[in-house]
Amino acid sequence: MTTTTRTVDVSGLPSFAFGNRTLLWWATACLMVIEGTVFAITIVSYVYLRGRQPEWPPNLPAPGLFWGTVNTIIMLASALPNHITKKYAEKLELGPTRLWLAVCILFAAAFLGVRVFEYGALNCRWDTNAYGSIVWVLLSLHTVHLLTDFVDTVVLEAVLFYKPTSKRFVDVSENAMYWYFVVLSWIPIYGVIYFGPYLL
């Protein structure tokens, strides 16, 4: 009796993939779920503290709307170059990916620059009272996400100039997905910080 061994040649298959066919996509998605839960818990804490105070903010003026609104406009506008970058990365087009990733870096830098003024417009310090603490925690949590993605994007841009490989386009695509999360998570945080004193 003879046994026939069959082999399959997989050398022609790509060594990378986009979307939910990659471990990186699932890792990023799980990270967003965890971080989204942290944001939700912090917002619930804000609502809880608000419910225990007859005056909100307690003995403080409400945050100024200008800088937070400017940042919201910048953040929403950044979704477009981010989307374009993702599309070019998934087409493996190096030049346009580099260009649009640089545009994304400029948007993130603008947002972080305006964020400095935004802290000043809160009209409180983190240690003023419970209100000050929760507002600073909300804004700082989002700022950490911005800084993380900003650094990641700068590193990706550098790698695309010095050692571009096909797998780096996957990194760019997943970085864009994470930026969508940063943009979308800002909307409820903006609403709570800037309109919570009036609506809750």
Side-chain angles (χ1 to χ4, degrees), residues 28-83 101-157 174-200:
T28 305
C30 289
L31 180 67
M32 290 188 299
V33 168
I34 292 167
E35 293 176 348
T37 303
V38 171
F39 284 139
I41 290 169
T42 309
I43 289 171
V44 168
S45 299
Y46 178 99
V47 173
Y48 170 78
L49 290 170
R50 169 65 182 101
R52 297 182 59 84
Q53 289 287 335
E55 181 187 352
W56 194 256
N59 304 316
L60 293 168
L65 284 172
F66 180 75
W67 292 112
T69 303
V70 168
N71 255 347
T72 302
I73 293 167
I74 293 170
M75 181 65 74
L76 293 174
S78 73
L80 180 61
N82 184 64
H83 178 72
L101 202 59
V103 173
C104 290
I105 290 169
L106 292 176
F107 268 96
F111 193 92
L112 287 166
V114 173
R115 179 56 56 90
V116 173
F117 298 103
E118 199 174 349
Y119 274 103
L122 292 178
N123 297 323
C124 63
R125 288 171 31 107
W126 66 271
D127 59 351
T128 302
N129 51 30
Y131 165 81
S133 296
I134 198 66
V135 167
W136 273 70
V137 165
L138 265 173
L139 201 61
S140 298
L141 280 173
H142 193 259
T143 303
V144 167
H145 288 76
L146 280 167
L147 280 168
T148 302
D149 201 45
F150 174 74
V151 171
D152 186 39
T153 307
V154 169
V155 169
L156 281 173
E157 181 78 331
E174 300 314 319
N175 181 62
M177 184 174 83
Y178 186 75
W179 186 257
Y180 291 144
F181 167 75
V182 172
V183 171
L184 291 176
S185 64
W186 172 244
I187 295 169
I189 294 170
Y190 170 74
V192 167
I193 291 175
Y194 293 99
F195 295 98
Y198 307 105
L199 300 177
L200 297 175

message: Using modelled atom types and a 3.5 Å cut-off, is there a donor and acceptor pairing between side-chain atoms of Thr128 and backbone atoms of Cys124?
response: no

field: Flag side-chain contact, heavy atom, 4.5 Å: Leu146 against Trp179
entry: yes

task: Please name the pair of heavy atoms, one in Ser185 and one in Val182, separated by the smallest distance, quoted to 0.1 Å.
output: OG-O, 3.1 Å

- request: May I ask you to decide if the ring planes of Phe195 and Tyr190 are parallel, tilted or perpendicular, using 30° and 60° as cut-offs?
  value: perpendicular

message: With ring-ring contact (aromatic ring centres under 6.0 Å, His included) as the criterion, how do Trp136 and Tyr119 come out once you've worked through the C-alpha distance, each side chain's angles and the decisive distance to 0.1 Å?
response: CA-CA 8 Å; Trp136 273 70; Tyr119 274 103; 4.7 Å; yes

field: Geometric class of the His142/Trp186 ring pair [parallel <30°, tilted 30-60°, perpendicular >60°]
entry: tilted

- prompt: If only atom types and distance count, is the side chain of Ser140 paired as donor or acceptor with the main-chain N or O of Val137 below 3.5 Å?
  reply: no

query: More than 12 heavy atoms of other residues, nucleotides or ligands under 6.0 Å from CZ of Phe117: is that the case?
result: no

- request: Not counting sequence neighbours, which residues clear salt bridge (Lys or Arg N to Asp or Glu O under 4.0 Å) with Glu157? List them please.
  value: none

field: Modelled atom types, side-chain donor and acceptor of Ser133 and Asp127, under 3.5 Å
entry: no

message: For Tyr46 and Trp56, I'd like to know if the aromatic rings sit close, meaning centre-to-centre distance below 6.0 Å.
response: yes

- prompt: Distance only, no hydrogens: is a donor on one side chain within 3.5 Å (strictly under) of an acceptor on the other, for Tyr131 and Glu55?
  reply: no

- prompt: Does any non-hydrogen side-chain atom of Leu122 lie less than 4.5 Å from one of Ile193?
  reply: yes

- prompt: Under 4.5 Å between any side-chain heavy atoms of Leu60 and Asn129, yes or no?
  reply: yes

query: Is Pro188 close to Phe39 at the side-chain level, that is, under 4.5 Å between some pair of heavy atoms?
result: no

task: Spell out, as yes or no, whether a donor-acceptor pair under 3.5 Å connects the side chain of His145 to the backbone of Leu141.
output: yes

